[in-house]
Every structure is written in structure tokens, then in C-alpha cells.
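What follows is a short report on a single structure.
Heavy atoms only: backbone and side chains are in, while hydrogens, waters and symmetry mates are out. These numbers come from a predicted model, not from an experiment.
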Amino acid sequence: MNTPNLHLYVLAAPLLTAFAVNLLGRVSRTWIGPLVLGALTFSAGGALMTLLHVLREGAFRYTIGNWQPPLGIELVVDPLSALMLLLVSAVALLATSSALKSVAHELPGREHLFFTLYMILIAGLLGLVLTGDAFNLYVLLEITAITTYGLIAMGSGRAALSSFNYIIMGSIGACFYLLGVGYLYILTGTLNMADIAQILPGLDAPAAIATAFAFLMVGLWVKMGLFPLHVWLPNAYSQAPTGAGAMIAPLMTKVTIYLMIRVMFSIFSPDYTFLAHAGIQAGIVWAASLAIMCASGLALAQRNLRRMLTYILVAEVAYMVGGVWLANGTGITGAILHIVSDAMMTLCLFLAAAAIIYRTGSLEFDRLNGLYRRMPVTMAAFTVGAFSMIGVPPTCGFFSKWYLILGAVRAGHPEFVTALLISSLINAVLFFRIIELAYFQPASDLSRSEPQQAGEAPLLMLSPLLLSAVALVAIGLGSGPLIENIIRLAMPPGFAP
Amino acid sequence: MKRLQEQARGRDIGDNLIIRTAVRLLVPFIQLFGLYVIVHGHYSPGGGFQGGVILGASFILLALAYDLRTSLRFMSERTNAILGNAGVLIYTGIALLCALLGGMFLDYSALDRLISLGPIEWRSLGIFLVEVGVGTAVMSIMVSLFWDLGSGGEMDEGL
Amino acid sequence: MKALAFLATLATGIVLLYGTRDFAAWGDAASPASRHVSPVYIERAVKETHVPNLVTAILGDYRGYDTMFETVVIYCAGLAVVCVLRRQKT
Amino acid sequence: MEPLLSEIVAKYNYWIYVVLMMIGFYAMIGKRNLVKKLLGMNIFQTAIILFYVSIGGKRGGGIPIVDKHAAMLHGVDATTVVNPLPHVLMLTAIVVSVSVTGVALAILIRIYRKYDTLEEDEILEKIGR
């Protein structure tokens, strides 16, 4: 099955399934599960084959509609995007099988609406990973945004207000991005990333190029929730329905960081990004270091597991932004490896949170008492995820952090090293507090009286959780070959791990 | 939402013989014009979005002049949802069909292998087909947006 | 808060205007945007697609991928509104 | 003063869009009423649409619909037709903006149902209580 269109079938499968889910789900709910899981399994398999194909034969470009690149829209399938394709489809597959249970529990009667939006969101993320056209990127960014607004607003409590704030911030981000693309279009007359990259160095327009670069970057930073621009993120992600949160949280920010890497290296050259404006590169690393510390500090103040996780997520975003802006091969390797490992560990922790919420109905810290006795398997997986977040050796969190720290040392940014170490320390405090609560404290009488509290989560939630925990260790142990065989090829020209 | 609806009912908005008659006369022509804008998109300003919005506006006008139930009588919620899905499916289906027939994604000239018309004619026809899909989807979504926003999701009286 | 918002707005506006310094004057037929890709569209679209309305030709064919996702966007919007507004049937 | 004035006159389209953009952006981040924020978003997006459409402008250019037979026989002179690409892009952006506005309005209706107000301060007060 080695067709040239395979990577597009990966994208088309969830998209077409979304419509099928909407049509058939009205008739009968039983169709939804098999359809969704089948399509995503197909996507994950296709993504794996695409990655193998790229590794074997090298990167290739694909023109939609058979129009030559500056005219038509071009897709870029290089090792980095193929890796992201596999990551997105695998994470989506794991998150979905857990979401099937929790959505039936939280939103009864609206599963078909939920999963239609959900599948389109996955298709949008896969499209974002593949695209090689600056404007197409905006359209896909808006697809992922609109589906996310809808999914978040389906949550209960303050979800509607959080979703509205997200709409305002997300629109600012997208509009800034669009302005940046407009400036580049005026200067170059094309929207194709590779074509822009070819024309830009020959232009004599420093002010306009700098403006375009600034607006593209700020737009993406708003979208990914880099620290001072993060205000919408914790509310939105922690109040979404658990099924949606478990996919949005691991993927949205990571894919946006991937887009930032694309913009920095595929539209602009590394030379321009890092060297054209003195002080910018060092300034952003400083800002990222501050962001890590502030976000970690804010995480300490939270009293709800999912809110705490979202603040850790904000800190992790700053890890990766800082890692990319370290401007050396080791830092960028660390950032790319951290995209993979952070997606997996966020997935693992959010899936554990989903399982806990499915059984106990709450994630407040004082309700977590005695969870190890009641849900041993869930909490074991949670512990693996927590260790990875802290950076304990056999898990992948350690290796990516190691590369980030090594990169920071080589680039001479002690403040970034300090921030990473302090943040790891804070993570250790955060997670050991929970582990202490859940392991040593006896179950409170309050929760004992509830009928639902006994036992583990259902198998459909438990198996993706365990798989993601195993994946954390596997990626950790296999990080050497991963870097050697994939990430080394995915580096921008002129950088080596 | 309920309070606003009470107010609207108290002032008899739209409950006017002239408006109702005029709307009843206008709606078929608006729909005809919408169809014209969709199918004539190749030769004059227009296309799927514009025509779809005009078609949707005709139903919205009905809902404004009468009430929401009247427009639901002309097009049920179920039909509307199926039309919306069908519109998007036409587009994505054609895109996928091109790929399955051995061309690139969205390469309409690949459809030539299905019925032989010549690749360039197929490009023209392909554009037309997707515009029809877009028009259907946009009409259905515009109507459903109005129904939902106008009645606060209740699908009863509307504004 | 308001002052901060005003300052941010002002800064954004100034940066945007500063960026326009390098642009060609409005309506200049020799500007890069009118020279690089768009003439190719104008000259070849009719021959390659048999559609005299260039906007339709580009929308439906050259950039059909964008348009496909744009249709999906509006479909999502309709669905999201239903998701948000319809009350749960109890 | 003289060079600045001639600069403004030559590129007045950018000045207009920047002013509109600033109005919208200020409303989005400075206003406390949720509907005003949404209106600000619409103004912002309109500004961007104007910006793009003005890029496509060409002095002496006609509409981007050509005579099919003449074009097939003799080809088209690119300078006589405005740039159609920004128009296409903005059709997409308009649809996106309509969609976002629709979703935002739906969410506002839900917020109003729950809190009975659309002033951000009052909502936050009600949540705090």
C-alpha cells in the first residue's frame, strides 16, 4: 500500500468519519465507537507508514490538485512533519478510546455532536502538520480553534465564559498571524513557504520583514499560551469536558510549537531568526526562563489536579520555546524531543485525571485521599507520568530535559538551566504532594459513602492510560535511536544534535 | 431569552399583512436568484458562498416575517442537517475520489478516467460541482445558525 | 487596565505602520504582489480551467484545498452552535 | 513633514486599515462588556479584510472576470486585471470570521442564560460569590 496519497488518506479518514458520525450517530449511538476508533487506527497506521517511507526515501513535497507550488497549495512531508503526523494520530487514538467512555458519562445524548467536532479537530491538526502554505496554515488554525471553542463550551460550570475568553484571545492570535502573512505577501507576492524563503533573503525591506516576523511569532505565542499570554489556557483546558481536555491539552500546544519551528526555519532562515536582530534571541530565552518559573510558581497555588496540570503545561510550553530559541542543535533537538515526550506525558496525566473523574467525580486535592488503594492501576500509570514530568531517568521526560539543559549550557544561558532545574524541583513537590495524599492518607468518609467510588476505571479508559505510560518509558529508553534516526534528519539545515 | 421573546410578541413584530405578503412573494425569487448566483459563478461574480448565503437568507426572511415554525415547515431540521452534511461530503468526497482514481488530491482532471470529457473540461465541471457542495453546506449552516441563535437553541417561536 | 490596553493597541499600530515603510505605493502595478504569482493566474487560469471568473477558478481549483477547509470551518461553526445552545434532553 | 505627508498619501490604504485595526483591538482587550469585545473582533477582522483587498488593487485594473473567447485566443494582459488572489483569500477569511462570530454569539447566549448579564465585572463578581 505504498501510494503517493497515503498521507492525505491519513487526514481524510478522520474528516470523512466526522460526517459519517454525524449522520449515523443520529440514528444509533452504537455506530460511533467502532467508526471513530477504526478511522483513527487507520490514520495511525498510515502515519507510521508515511514516516517509514520518508525515512527510507527522504522528504518529499506534494502538490494538491497537481498545480506547481507557487500556484497551488503544497504539502511538505519531511521527517519532522511525518514524526508529528504519527504523534498526533497516535495521541488522538489513545485519547479517543478514553473519551468514548467519559463522553457517554458526561454528555449523554450528544455524543454524535461531540465526536463530529472531535474528529474534525484531529483532521485539522493533521492538516496543520502537513501544510506548506502560509495561508492554508491560517485556515487550518481556525478549524482547530473553532472546534476547540465548541468542545470547551460543552463543559459544565464556567466553561462557557472560559470558551469566550479563548475565542477573543485565539482570534487575536489568528489575526496577528494573518497580518504577518499579509506583510509577507506584499513583499514577496507568494504564499508558499518554500517560495517565500527563497525570495526573502534577496529583499531590501528590513522594517517590513521584521514586522511580519514579529506578528507571526506573537500570533503563534498567543495561540500556544506562552506565559504572559497564557491567561485563557488554564481555564479553557481545565473546564473542557474531560474527553476533550485529554486530547486538546497534549496536542494543541505541541502542534503550535511545531508551527513556530516551521515558521522560524521554513519561512525565515535560521540566520535571520537568530542573528538579524541582536539581543532578541537572548531576550526570548530570558523571557522563557521567567515564564517557566512563574508558571511553575502558579501551579503551586492550585488546589485542583487538572488546573495544576494546565499550569504545568504552560511551563512546558516555555521549555520548548526556550529550547528552540537557544539557537543551537542540542537545544532544538531537546525541544523536538520534548514535543514528543511532553505530548505523551500530558496525555498520560490527563487520561489518569479522566479515569479518576470518571470514578470519583472530582479532582479537588482533598478528594484524592486513598486513591492508590481504590484505583491502583490508574495511580501506577499516573505515577509514571508524574515521574516523567519531574524528569526521573528511565522516562522520556528526563532525556528531553537533559538535552535542553545541555543545549542551554552550550549556548551559555545559565538562567535557562536554573529555570529548568527549579521547575523540575517544583514539579517534584507538586506531584509528591498528590502521591502522598493518594497513597498515605486514608480515604475520607465523605467519598466512602458514594456508590460509584469503588474499583478501577473501565477497560476502555484503562488500556490507553497504560499504553501511554508504557510509551513514556519506551520513548525514554529509545530516545537515542529516535534522535539518531529521525530527529537528526528533522533538524533545520546547519544544525546538528 | 424568554423575556426578549415576550417583548417581541407584545409589539407584534412581523405580524403585519404587508410584510407577510411581500415576503411570500419575494422568497421564491430570492431562492431563484441564489441558485443563479451559484450556477453562474463561472461567468459572473458569485459562487458557492454567495449563492448559499442568499438561499439561506430566503429561509431566514421567512422565519423573520412569520415565525420560526413556519420556516421549519418549509425545511425541517433533519433535512437541513442532512443537506449540511451532504454539502461538505460532496466537496471532500470529490477531493478523495480524485485521489482514489489515481490523481492528486483535488485534481479534478483525474475524474476524466470516470467519464471522458477531457481534463480541462473536467476542471471546469469539478469547480462547478464543489461550488454546488459549498452552496448547499453554506445555506444549511446559515439557516441553522439563525434558528439556533434566534431561539436560543429552543427551536420554538424564534424572534 | 484601560491604559495598558491603550498602550498595547498603540504599540501594535505603530509597529504595523513602521512595517509599511518598505511597501510600494497603493495600486502600484509593479509591486511584488502584482508581479510574482498573480500574473500567472491571470494569464493561465482561463486556458487551464475554462473558467473566465478568475476568483472562482482560484477558489475552486488552484486553492481548492483552502476552500475545502473553509467549508469545513463553517460546518464546524453550525455544529458548535448546536452543541453549545441545545439543552440536554432529560 | 513633507516626506511623511507624501508617504501617507501614497499609502493611505495602510493608514486606514491600521486605524480600524486599532479600534477593534482596543475594544477586544480594553472593554469589559463581552458583546463589545465581540464587536471589536469583527472590526479587527474587517480591517484585515480591507488590508488584503487593498493589496490586490492595481491602478487601471479591471475586475478579475475576463472574456473567455478573447482570453483563449490572445491571452490576457496581466496589468489590465486586478490581482485576484487576495480576493480569494478574503472570501475564506470572511467565512471564518462569520463562523467565529456565530460560535461566539451562541456562547454569549449561554453566558447570559447562566449569569443574567454580559458585563465581565458582574459575571466575575457572581462567580466569586
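The neighbour count for A/Gln198 CD, taken as heavy atoms of other residues, nucleotides or ligands under 6.0 Å away, does not exceed 12. More than 12 heavy atoms of other residues, nucleotides or ligands lie within 6.0 Å of NZ in D/Lys68, so this atom counts as buried by the packing criterion.
Interatomic distance, CZ of A/Arg158 versus NZ of D/Lys126, reported as 14.5 Å (0.5 Å rounding). The CG atom of A/Asn165 sits 7.5 Å away from atom CG of D/Leu34, with the distance rounded to the nearest 0.5 Å. Distance check, rounded to the nearest 0.5 Å: CD1 of A/Ile186 to OG of D/Ser54 gives 6.5 Å. Residue A/Phe164 holds its CZ atom at 14.0 Å from CZ of D/Arg110, rounded to the nearest 0.5 Å. The structure places CD of D/Gln45 at 9.0 Å from CG of A/Leu178, a figure rounded to the nearest 0.5 Å. Once rounded to the nearest 0.5 Å, the distance linking CG of A/Leu161 with NZ of D/Lys114 reads 10.0 Å.
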For this session: Would you check, one step at a time, whether the test side chain to side chain contact (heavy atoms under 4.5 Å, CB included) holds for D/Leu85 with A/Tyr185?
Result: CA-CA 10 Å; D/Leu85 188 55; A/Tyr185 179 68; 3.5 Å; yes

For this session: Go through the steps for A/Phe135 and D/Val88 under the test side chain to side chain contact (heavy atoms under 4.5 Å, CB included), then give the verdict.
Result: CA-CA 11 Å; A/Phe135 189 80; D/Val88 175; over 6 Å; no

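Residues D/Ile55 and A/Gly182 approach most closely at CD1-O, 4.2 Å, considering heavy atoms.
For A/Ile168, the parts sitting under 4.5 Å from any heavy atom of chain D are the backbone and the side chain alike. No part of A/Tyr166 comes within reach of chain D, as not one of its non-hydrogen atoms sits under 4.5 angstrom from that chain. If you measure heavy-atom distances from A/Leu191 to chain D, the contacts under 4.5 Å come from the side chain alone. If you measure heavy-atom distances from D/Met41 to chain A, the contacts under 4.5 Å come from the side chain alone. Within the 4.5 angstrom heavy-atom criterion, atoms from both the backbone and the side chain of D/Ser99 approach chain A.
Taking the six-membered ring where the residue is Trp, the centroids of A/Phe176 and D/Phe25 are separated by under 6.0 Å.
Ranking D/Leu108, D/Ile123, D/Val95 against chain A, the residue ahead of the rest is D/Leu108, based on heavy-atom pairs under 4.5 Å. When each of D/Leu38, D/Ile48, D/Ile29 is scored by its heavy-atom pairs under 4.5 Å with chain A, the top score falls to D/Ile48.
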